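The structure under discussion appears below in the form of structure tokens.
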Amino acid sequence: MPLLYYVLGVLPMHLSGAYDTHKSGVETIAAPIVSLLLFVSGLCSTVYVFYRQRKCYRAVWTIAEAVFLLQVVTSSWYFSVMTQGWIAVFGPSGWVWHLAFIEFPPFLMCFFISLPTGLAVEIIGLMFISFFVIISLTEGMWLEGDQLSDLEGLVDRTPFYGEVCQQSTELPRECEMNIFLKFTMPFVILSIEALSIIIVSAFVDKSNRVGFVHKRMLAIFTDLKEEEHERQVRLHKELIHNIFPPSVARDLIESQKEEALSLRQLVSSGSSNTLPFLGQTVARMHYGITILFTDIVGFTAMSQACAPIEVMSLLHSLFVAMDALVDEDAQLWKVETIGDAFMVAGGLNLNADVDCTSSSCEMVTLRQIDYSRSQHDSMCSRSEHDSMCGLTKSKVAVHRVKALDTETAASATVLFGCKALAAASKFVMPNGVRCQIRVGVHTGDVCSGVVGSRMPRYCLFGDTVNTASRMESSGVPGRMQISEATFKLVAGNYQWERRTVEVKGKGRMASYLYAGQVNE
């Protein structure tokens, strides 16, 4: 506003030479330009700070305070220089009109920038002190107002009032009131505007504080919800890592959403031609794996004679002890427990990731019965084509896992069996009988996989698992029995007693009972 006033009203007078010579052009234009630069720089600084420092309102308010305080200083200087012309035109209250129309409008921005109440009071208060006290008293502007005490003289000296107010005896008094209002209204208007700024700032500040509290509470609740979600995800991942081997757990976590979608599509289609969980997370071939089973001797009789809680307590204590033994060797992995049976595998190479782009991944054709076909079709002779017999074919990727040192893995598994026998003998069953276990071990090839979509389990499949189980069931209480395949790998490390046992589905097989360390 001061710059516009200078360009339109003051500059032409300077150019014509009609303006007061003691007021140079530089002196009159400096303050408006400085004011303009102040607000432009303040706007740029506010935008920069607001977005670069993540909406730092305190910094924005500091910038606003500095800009308005500098504006008070600049406007005060300009006000003291340029007011005489306004007094000459508008009379003794001309300086107030100058203040109202030229100097005060920039401060009306306080209506729109939502300043805190204290900051608004500070700016408006300093503005009033500067203009109405310091500058006005220094320049003698209040002395001009002494003419208000001689309203009759002002009426007489003003041609308009001299002509109008003399038409009746009542008009001079009304003219005096008119002149008095012309002198005093600018003060009233400025005071109302200033008070309005402070009141509006107070209401806006209160509303902003309530909004800030609500926003802060919402942010806190959001952070808590995110933290709880992250905690749940972390616990979920920890649970998966506790249940499944590392490589399988990683694949399950990464592909869980995709597999769930595939499963829903499979169920909705009613087809059984595909196995959505065969692939990265399931099909792995392991070679030279040593499988160990343990079983509690007399468990069935003890279960019949004791309370279920006592049976569970025994199994928990025993299996926790065995879990600690498994953790002693990184080559061992606890596969599962079924009832009183404890299954351990050695040499699975659980950290091997699946990469079906490599040569270690092959496609295997599976033959599956399509139960949606008629019973007649599914019972046709094998000489007919598969598609005519209710059989369908599907291919899945099977990853060949690189084997660890087979001999080392077998020795670690057998050592675990020795420690498990010693650990079990320290327990007493609820029926008062000393705990004994049978241990069976066999070495061969297995396929590992995750079975099921509800409470999925990591399982091992193959004849090696069946043979290891048979070694356990045909063994001797308190002893460990291994197969011929395992014996060839650990023969030199332990003492063994050769024997022949009848194995269901396999006939008679040579086996070996553990008889102690070689140096014993």
Side-chain angles (χ1 to χ4, degrees), residues 240-241 243-252 254-255 259 262-263 266 272-293 326 331-338 341-369 391-406 409-410 412-413 440-472 482-483 485-486 489 503-506:
I240 291 179
H241 278 283
I243 297 175
F244 302 107
S247 58
V248 176
R250 288 193 296 269
D251 291 338
L252 281 175
E254 292 173 0
S255 61
E259 291 175 348
S262 300
L263 184 61
L266 174 66
S272 61
N273 295 340
T274 58
L275 294 177
F277 285 92
L278 281 176
Q280 279 195 335
T281 59
V282 175
R284 288 174 170 82
M285 282 300 303
H286 306 265
Y287 304 95
I289 305 303
T290 301
I291 305 297
L292 178 145
F293 278 94
V326 172
Q331 298 185 88
L332 302 179
W333 176 259
K334 174 187 174 181
V335 181
E336 61 181 343
T337 59
I338 304 176
F342 192 93
M343 181 180 177
V344 176
L348 285 175
N349 194 8
L350 300 174
N351 291 318
D353 290 321
V354 173
D355 181 13
C356 280
T357 61
S358 64
S359 59
S360 64
C361 197
E362 61 180 349
M363 302 301 294
V364 177
T365 301
L366 301 182
R367 292 161 57 93
Q368 299 172 260
I369 297 178
L391 295 178
T392 59
K393 294 181 179 180
S394 62
K395 291 186 177 182
V396 295
V398 179
H399 179 64
R400 299 191 301 272
V401 180
K402 182 179 180 181
L404 297 174
D405 187 348
T406 305
T413 307
V441 184
H442 178 60
T443 302
D445 303 336
V446 297
C447 178
S448 66
V450 177
V451 178
S453 59
R454 281 288 182 185
M455 297 182 65
R457 296 170 56 196
Y458 178 75
C459 302
L460 301 181
F461 304 93
D463 184 65
T464 301
V465 177
N466 297 332
T467 303
S469 178
R470 297 291 183 264
M471 287 291 103
E472 176 272 317
I482 68 174
S483 65
T486 305
L489 298 173
V503 176
K504 182 179 179 181
K506 292 181 176 294

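Quick caveat: nothing in here was measured; it's all calculated off a predicted structure. These values consider heavy atoms only, across backbone and side chains, with no hydrogens, waters or symmetry-generated copies.
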Using side chain to side chain contact (heavy atoms under 4.5 Å, CB included), reason through F293 and V465 one step at a time and then give a plain yes or no. CA-CA 9 Å; F293 278 94; V465 177; 3.8 Å; yes
When you look at L332 and L292, which way does the side chain to side chain contact (heavy atoms under 4.5 Å, CB included) test go after all the steps? CA-CA 10 Å; L332 302 179; L292 178 145; over 6 Å; no
I'd like to know if the side chain of T486 reaches the main chain of T443, judged simply by a donor and an acceptor atom lying under 3.5 Å from each other, with no hydrogens or angles considered. yes
Return the minimal non-hydrogen interatomic distance between Q331 and A412, and the atom names on each side. NE2-CB, 4.2 Å
List the atom of V335, the atom of A345, and the distance in Å for their closest heavy-atom pair. CG2-CB, 3.8 Å
Are T464 and I289 close enough that some pair of their side-chain heavy atoms sits under 4.5 Å apart? no
Flag side-chain contact, heavy atom, 4.5 Å: L348 against L460: yes
Just so I know, are the side chains of D463 and K506 near enough to count as touching, which here means a heavy-atom distance under 4.5 Å? yes
Kindly indicate whether the side chain of F342, heavy atoms from C-beta on, has any atom under 4.5 Å from the side chain of V326. yes
Side chain to side chain, V441 and M471, heavy atoms closer than 4.5 Å: no
For C447 and M285 the tightest heavy-atom approach is CB-SD, 3.6 Å
Pair T467-V503, side chain to side chain contact (heavy atoms under 4.5 Å, CB included): steps then yes or no: CA-CA 8 Å; T467 303; V503 176; 5.9 Å; no
To the nearest 0.5 Å, what is the distance between NE2 on H442 and OG1 on T290? 9.0 Å
